[in-house]
Structures are given as structure tokens and as C-alpha cells.
Amino acid sequence: MATEVKKVLLLDGVDPVCGQILTQVGIEVTTKGKLSQDELIQAVKEYDGMVVRSATKVTAEILNKSERLCIVGRAGTGVDNIDVQAATRRGVIVMNTPDGNTLSAAEHTCSMICALSRSIPQACASLKAGNWDRKSFMGTELYGKTLAIIGLGRIGREVAKRMQAFGMTTIGYDPLIPAKVTAEWGVESLPLEEIWPKADYITVHTPLLPHTKNLIGETVFKTCKQGLRIVNVARGGIVDEAALLQALDSGTCAGAALDVFLEEPPTDLTLCKHPKVICTPHLGANTSEAQKRVALQIAEQIVGMVKGRPLVGVINAPALANSTNEVCKPWIELAQALGCLGNCLSQPTDTPSLQLTMELFGCEVSTMNTFLGSAVLVGLLKGMTQSGVNMVNAPVVAQEMGIIITVEAHPDSAPPVHSAGSQAIQLKITRGMNSHTLLGNCASGQATLIALDGCVWESGLTLGRNMLFFTAAPTASPLAAIATQLVGLHASLTSILSSAPTQKEVWHVARTTAAINGTPVIPDAKLIAQVTF
Ligand SMILES: NC(=O)c1ccc[n+]([C@@H]2O[C@H](COP(=O)([O-])OP(=O)(O)OC[C@H]3O[C@@H](n4cnc5c(N)ncnc54)[C@H](O)[C@@H]3O)[C@@H](O)[C@H]2O)c1
Ligand SMILES: O=C(O)[C@H](O)COP(=O)(O)O
């Protein structure tokens, strides 16, 4: 699934190395600082790709106005500024560079903890204002204090390592990382309710999600130690800003270090101006090293995608990660062709209910079980919807249409028809009372139909342009009538290939040089589908 990317828009001051790498492979790059929503809605129409940091909000409106956009790259970690759901619905891949700025964010967090313990920014401001005030800035040591780390992913664990060097005891919580693993980095995992009363410092390192919004709020502050200090270098909103202000005023919280805010830049500066608060304008990833790294990574990921290499950093279609290599390509084409043929054979759409069962036979094709279902849906949906369907959005579009697909892999089983060889895809499509079973392979590198409803083509039927599928009784001989009818419709017939018969029927597939106008009427055969793959 190599994707064509000709023009890319770089926003938010993404490091120039990104543009340099994209340009080297012939991609045209436009660099803009920041665009308003309206400007971006206009601009996006011209681009196949866009690379942003956290400032640009990639909204559903922008995505839906895009005409050729296929990739949104995030030169950084958090994707909460991108409407990922809308991108998926639109068939746009969203990629990030999750580890490019980890060290910078961890170092910034540690700097904040140190600065908080000794009121360094406040003392600095006081001296710059001409005061020599040593009394107001009595600090506390970090040595022997307990640091609670909420979210023990990439950044959380780097913070733990560094703060242990100061002699801090590190405890933490992460629903996905087992206690045995965190113990290896010297972090004792505890349930949240046990963490709050133990912590002298709390630092949060989770993404902002519905379940992490206001994770630390009024109720939590009530159970914390008097004099707790809190750090947020993750996302504004994980610590409830109103509850924090109250805790600072009441003395429950002795200090807060904030790099991120619910609204950025904040229009209400009450928290920032609070004497116990130290703050930075979202600088966690603002180092030349991190910015070069994330810009380089996102550029290389886009180039890899264009060149058909395995996708890296994909947020919204992880199943497609390994779908881009040359081995997968013919199987994807076959699955799309079977989906397309299945849809044409099961016309008319007298019932909306549609069920698909795809079985993969053989070890090679079985490894593709995560994405061949999407490929079948692409083929199926292309004939059913007007909107652009691709491997990214096909599962969502199908789900919205009530289409059910199940995929079964049989790595150790041979296909049900001997002539299919060792690897094959079987698709059963059921629409109301109408049901067809298609078996195909791509042994010759081309999508090939081996059997249809049990009728076998021993040497396979290559699926190509202008094919007409007729069914007939096994005793009928309609070939001459088919040829005569097609000539009557001014179609130049190139071949007719008949399957072996079953007791019930035989399939005759005619190929013409161009699509025919009109429906051939043949007494002994019924035209079921006219398809171009
Ligand atoms: N300020 C900055 O400039 C800056 C820079 C980089 C990253 N960040 C932010 O830092 C955050 C963490 O980044 P990361 O790279 O460590 O991410 P990560 O995915 O490696 O780690 C996040 C961890 O949070 C955990 N988690 C999820 N829900 C949780 C919950 N309810 N309680 C506790 N843990 C929970 C996850 O299991 C995961 O292990 C992201 O939101 C990112 O956007 C900010
Ligand atoms: O999630 C991130 O990567 C950080 O918040 C950094 O954001 P930035 O790229 O806007 O500095």
C-alpha cells in the first residue's frame, strides 16, 4: 500500500530537517508558522500531507475539507490536538513520534521538581527586582522525599531514574505496567488511594483522555499530605486547575510546576501568577535535540510510507503497519478483488444485511489476518458508497453500514480445493437469502479466482477488466449464444472460460475488450455480474 504524497505542509515551526528529508525524495514542501482555522481549511485542499506540533488543532472540519490529504504527521507525542476519529473516518493516517522527545520532557520535569523545591524562579525574579531576600526562599531537600509518578510510560520511567539519583523514593501507578516491571526500575507500584497520602511530590505523565481528565481534583487533594508539591509536564486538564488553585490557597499544596494548560496559551493567568506556581509555556519538548529528532523521525516515517515500507508510529490504523511490503501487495489486491466480485454477485441489494466470512489458508497469508479484512471491505464498499474508501476507513464505514466481517486464519490447513495450492483466501458473502463462496489465490502474482460456489477453474481465472459472470445448468451449452449476444451488443469478445460443473451449476466467464452497453439475454444462462477489477 505505497501511498502517493506529492505536497506536504509543515506547520508550528517543525524543525527544517523535516522539510529537507521530504524534499530529498521529491516531495514538495511548504513551511508556514501557524495558520488560523479558516486559513488552514483553505490551505489543506492542496496538500497530501501535513506535519504539526501541538499548536495547530487538526479538527474534523479541516479534515473533511481536505481533498487529497492522506497523512497527518505529529512531530511529537500527544495527538490530542488532532481529531483522530475524524481522520480515520476520512481515511487519513495519523502518525506520531512517541519517543523523540521523551528525554527532553523527562529532563524538563526533573528541572521543574528541583526548581520547585528551592523556589528558584521566584528567588531569581526577586533578585532581578533588586532584592536580596534569603529568608523568603527557605527550601526543602529532595533527599528522602517520596515522588509519586502517575503514568509510568516512556517519560514517567525516565523521571524515576533521574530523581532516584537525588535520593527520592519513587512510587507510582500505571494500569498497563505490571508492578514486577516497575520494581525493576525502582518504582513501587501502588493503587492510587495508597499513593496520595504518601506523596511529597506528584508528577503526572499520562495522556489526556476522558479517564485522565481531572485525575487529580478536589477529592484527591483532600487525601494528600499537607505541603504536597505537584508537577504537570504532560497535558493541561489532568490536574484540575480550579481544584489546584484552591489547594494552593488553602496550603494543602505548597507549590505547583506547570508546563501545560487546559487552554494554551492560557487567557486566565490566575494560576500562572500565583506566588506558589512556577510555570513554562509548554517547553517540555523544546530542546534543539528533541525538535531535530522528532522532525527527522516524522519525515523518515512519511518517506517510509511513500516507499511502501512498514508503517511506523501509526496511531489510527495499527493493523496496517505490516501491510506495505511487496509480499502483501498481491494478497491485498486479491482480497479487494474478491470483495468487489462478492458485492457484484450478491446484487440486487434487496436486503441491507451483509455478512462476510473470510478464511485464510496457509501460513504466509494467515500472517496478514489483521489487514486483509480491511482490503475485502475496500473492494466491497467501492461499489456501494460514493465517499472515498481506503484501508484506513473501510472498517469504520462498514461498521456504520451494519456490515459484519469475521476473519479466520488457518495457518496449518491447505485450501479446500487442491488446485489452489498451499495459500488461498476464501470469502463467503451472504446478503439476505443470497450467498456466494469465492476462493482465490495469487500464486502467479495476480488476483486469481480458483472456485466460485464450488465450481472450479483448474488453472485459475485471472481477475481483470470487463468480465461477465454467467451461471447455467450443468447440462446447458450456452457458449455459442453468449458469443452471439455479445457480438450483437457490439462487444469484442476475447475469451470465455468455463468452470468445471457441480451437480447444480457451471459458471461461464466472458471477457470483452470494453464494457458492454445493455444486458445480454441468453435462454440457457443468466448474467449475474459484470465486473471490472
Ligand atoms: N510538555 C511537553 O512538552 C510534553 C512532551 C512530551 C510528552 N508530553 C506528554 O506526556 C504524556 C506522556 O508521554 P509518554 O511518552 O510518557 O507516553 P506513554 O504512552 O509512553 O506513557 C503514558 C502512560 O500513561 C499510562 N496511563 C494511561 N492512563 C493512565 C491512568 N489513568 N493512570 C495512570 N497511568 C495511565 C499508560 O498506561 C502509559 O504507560 C503525553 O500526554 C504527552 O503528550 C508532554
Ligand atoms: O506531546 C508532545 O510531544 C509535547 O507536548 C510537545 O509538544 P510540542 O511539539 O508542541 O512542543
Side-chain angles (χ1 to χ4, degrees), residues 1 310 319-346 354-380 391 394-395 404-431 434-464 467 469 471 474 497-509 528-529 531 533:
M1 201 190 82
L320 301 187
N322 294 315
S323 67
T324 51
N325 64 41
E326 287 304 309
V327 179
C328 300
K329 204 172 150 201
W331 289 105
I332 290 174
E333 284 167 5
L334 171 68
Q336 290 185 352
L338 294 180
C340 170
L341 179 58
N343 179 44
C344 294
L345 292 171
S346 60
L354 195 52
Q355 277 193 315
L356 304 165
T357 305
M358 183 169 71
E359 291 182 84
L360 309 175
F361 294 96
C363 54
E364 182 181 276
V365 68
S366 287
T367 62
M368 302 175 203
N369 62 338
T370 55
F371 54 83
L372 286 181
S374 302
V376 162
L377 292 171
V378 169
L380 179 96
M391 300 265 286
I404 298 165
I405 181 162
T406 44
V407 180
E408 295 165 18
H410 309 289
D412 302 323
S413 305
V417 172
H418 180 69
S419 59
S422 60
Q423 314 280 325
I425 299 178
Q426 180 161 277
L427 178 68
K428 182 171 182 196
I429 178 162
T430 306
R431 186 179 251 143
N434 203 338
S435 179
H436 292 282
T437 301
L438 297 75
L439 180 74
N441 72 11
C442 48
S444 60
Q446 282 178 300
T448 304
L449 188 67
I450 301 294
L452 175 53
D453 297 336
C455 300
V456 175
W457 284 268
E458 275 298 325
S459 16
L461 182 70
T462 307
L463 298 174
M467 298 176 78
F469 286 74
T471 177
L497 267 182
S498 303
S499 71
T502 59
Q503 282 192 335
K504 186 178 151 232
E505 64 182 340
V506 58
W507 285 88
H508 304 286
V509 180
I528 304 293
V531 201
F533 297 96

Under the side-chain contact (heavy atoms from CB on, under 4.5 Å) criterion, do S366 and Q423 qualify, and how do the steps go? CA-CA 9 Å; S366 287; Q423 314 280 325; over 6 Å; no
Would C328 and F371 satisfy side-chain contact (heavy atoms from CB on, under 4.5 Å), going step by step from the backbone distance to the final call? CA-CA 10 Å; C328 300; F371 54 83; 3.7 Å; yes
If you apply the rule side-chain contact (heavy atoms from CB on, under 4.5 Å), what do you find for L463 with E333, and how did you get there? CA-CA 10 Å; L463 298 174; E333 284 167 5; over 6 Å; no
Stepwise, does the side-chain contact (heavy atoms from CB on, under 4.5 Å) test hold for N343 with R431? CA-CA 9 Å; N343 179 44; R431 186 179 251 143; 3.2 Å; yes
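In summary, the side chains of W331 and E364 do present a donor paired with an acceptor at a separation below 3.5 Å, with no hydrogens or angles considered.
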Let me check something: any side-chain donor-acceptor pairs from residues 445-458 under 3.5 Å, sequence neighbours excluded? List them with distances.
from	atom 1	to	atom 2	distance (Å)
T448	OG1	Q446	O	2.8
D453	OD1	T437	N	2.7
D453	OD2	H436	ND1	2.7
W457	NE1	L497	O	3.4

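Taking F361 as the reference, H410 meet the ring-ring contact (aromatic ring centres under 6.0 Å, His included) condition, with sequence neighbours excluded. Residues satisfying the side chain to side chain donor-acceptor pair (under 3.5 Å) criterion with T462, sequence neighbours excluded, are absent altogether.
Of all non-hydrogen atoms in T430 and S435, the two that sit nearest each other are OG1-OG, 3.5 Å. Among all heavy-atom pairs drawn from V365 and L360, the shortest one is O-CD1, 3.6 Å. Residues N441 and A420 come closest through the heavy atom pair ND2-O, 2.8 Å. Looking at every heavy atom in both residues, L439 comes nearest to P416 through CD1-CD, 4.1 Å. Listed here is the closest heavy atom pair of S374 and P395: OG-CG, 3.5 Å. Here the shortest heavy-atom pairing between Q336 and A375 reads CG-O, 3.2 Å.
The shortest side-chain heavy-atom distance between I429 and L380 falls under the 4.5 Å cut-off.
A donor-acceptor pair is defined here as one N or O able to donate and one able to accept, closer than 3.5 Å; such a pair exists between the side chain of S499 and the backbone of W507.
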